[in-house]
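As structure tokens, the structure follows; a few thoughts come after it.
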Amino acid sequence: MGGKDHQPIQAPEEEWIQAVRKKLLDWYDRNQRDLPWRESKDPYRVWVSEIMLQQTRVDTVIPYYERFMSLFPTPGALAAAKEDDVIKAWEGLGYYSRARNLHTAVKEVVETYDGVVPDDPATVSRLKGVGPYTTGAILSIAYNRPIPAVDGNVFRVLSRWFALWDDVTRTSARRKFEELDRLLIPQDRPGDFNQALMELGALICTPVSPACADCPVQEECQAYRDGIQAELPVKTKSKPPVPVRMTFGWIRKGPQVLLQRRPSEGLLGRMWGLPTVETLPEELVPGGTLRDHWAGHGLKLELGPVVGELDHVFSHRRWLITLVQGLCLAEENLPADCAWVEEKELEHYALPNVYRKAVRMALDPPQSSHGFQQGRLF
DNA sequence: AACCCGTGGTA
DNA sequence: TTACCAAGGGT
């Protein structure tokens with residue numbers, strides 16, 4: 001179309017830029033939140049916080065960050081840790097490949113860069129799990145380098161300030177917003193400026209009903225002048241998660257419960273969980289056998305009653321889960337990806353929340369579950 | 001470019 | 001209940 005959504009950035013007047021910088025930084029100095037990762041500018045601490053904050057709320061991250069930093073206070077400590085311990089510290093945060101990539105990248109920093117996070121954007125951006133945003137965040141906050149860090153907040157704030165109609169979900173938008181950020185970012189306080197943009201987006205320039213009355217740069221906001229705050233930023237709607245029927249097994253052998261490691265690729269890859277099959281619950285009637293579903297695993301299982309149902313939504317998939325009890329009748333050889341675990345030992349395994357919820361349900365079954373048969377057979 | 005990868009809060 | 005979304009990155 002060639003509408004104004006693809007117009008090149010028109011550089012603002014230098015005087016205007018100076019004024020906006022001062023207003024935003026003054027506001028940030030007075031209103032920034034007291035967050036644990038702001039206690040120092042240690043590049044490692046900044047790095048860990050930025051990885052945890054990817055697609056994750058500040059309030060959710062805080063307790064994880066505190067725990068993670070006391071477990072792994074330095075790059076050396078994290079590099080020396082076992083992967084299972086790192087994943088355990090990440091348990092419940094989601095997007096578990098973030099933890100594995102961070103672990104891999106920190107080991108590389110320890111081995112290749114003597115434990116010092118490189119002060120160079122090209123080198124940092126090559127580390128696993130560090131993309132364009134995180135590169136800019138680490139370099140600007142920890143090393144005072146004037147490099148853009150465009151996240152969802154910055155997309156929102158800048159699209160409103162300058163009334164930009166670019167679809168921010170498209171790759172081309174990132175380059176444009178980074179160029180704009182580059183024009184605005186001050187040489188003396190680049191890290192504070194980037195954080196101020198994000199803080200403004202988090203506290204004032206919110207996605208829904210922004211607090212324009214309290215905004216330090218209201219006078220400079222084109223969207224506010226035009227009354228179009230609610231229309232920006234433009235984002236392509238994401239597809240709803242695809243529903244999938246799943247069955248979890250709560251399989252007992254005496255005091256033990258069966259756990260299974262998930263396949264290395266795909267959703268919850270390599271995480272521990274209850275034995276899981278993608279199947280219709282009708283095939284798993286009480287008294288039936290699960291042997292067909294775990295054929296070749298050397299286990300002979302008999303199904304018990306349905307414990308209950310769970311509805312768990314991931315970013316692109318939705319599991320409609322039936323939790324069934326089972327009994328191990330015979331075991332020839334335990335599959336390599338399976339383990340018998342005492343109930344009290346379950347807490348030592350890193351289980352994604354969907355499995356934690358199922359374990360909770362198995363240990364404390366609902367009294368009524370949509371008319372399903374209930375009670376513990378075994 | 002399109003799709004994949006978790007979870008919890010909120011309207 | 002659905003829909004959106006929160007300091008994104010990998011493939």
Just checking [X]: base, sugar-phosphate only, or nothing, at a heavy-atom cut-off of under 4.0 Å?
X: Ile51(A); result: nothing
X: Leu35(A); result: base
X: Thr60(A); result: nothing

From C-beta outward on [X], which listed nucleotide comes closest to its side chain: [options]?
X: Arg318(A); options: dT2(C), dT7(B), dG8(C); result: dT2(C)
X: His316(A); options: dG6(B), dC4(B), dT7(B); result: dC4(B)
X: Ala202(A); options: dC5(B), dA6(C), dA7(C); result: dA7(C)
X: Arg57(A); options: dA7(C), dG9(B), dG10(C); result: dG9(B)
X: Met198(A); options: dG9(C), dA6(C), dA7(C); result: dA7(C)
X: Ser315(A); options: dG6(B), dG9(C), dG8(B); result: dG6(B)

Original post:
Do Phe162(A) and Trp16(A) have their ring centres less than 6.0 Å from each other?
Top reply: yes
Expressed in whole Å, how much space separates the [atom1] atoms belonging to [N] and [M]?
N: dT11(C); M: dG6(B); atom1: P; value: 14 Å
N: dA7(C); M: dC5(B); atom1: P; value: 23 Å
N: dG10(C); M: dA1(B); atom1: C1'; value: 14 Å

Original post:
How long is the line joining CH2 of Trp47(A) and C1' of dA7(C), in whole Å?
Top reply: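 Taking atom C1' of dA7(C) as the reference, CH2 of Trp47(A) is at 17 Å.
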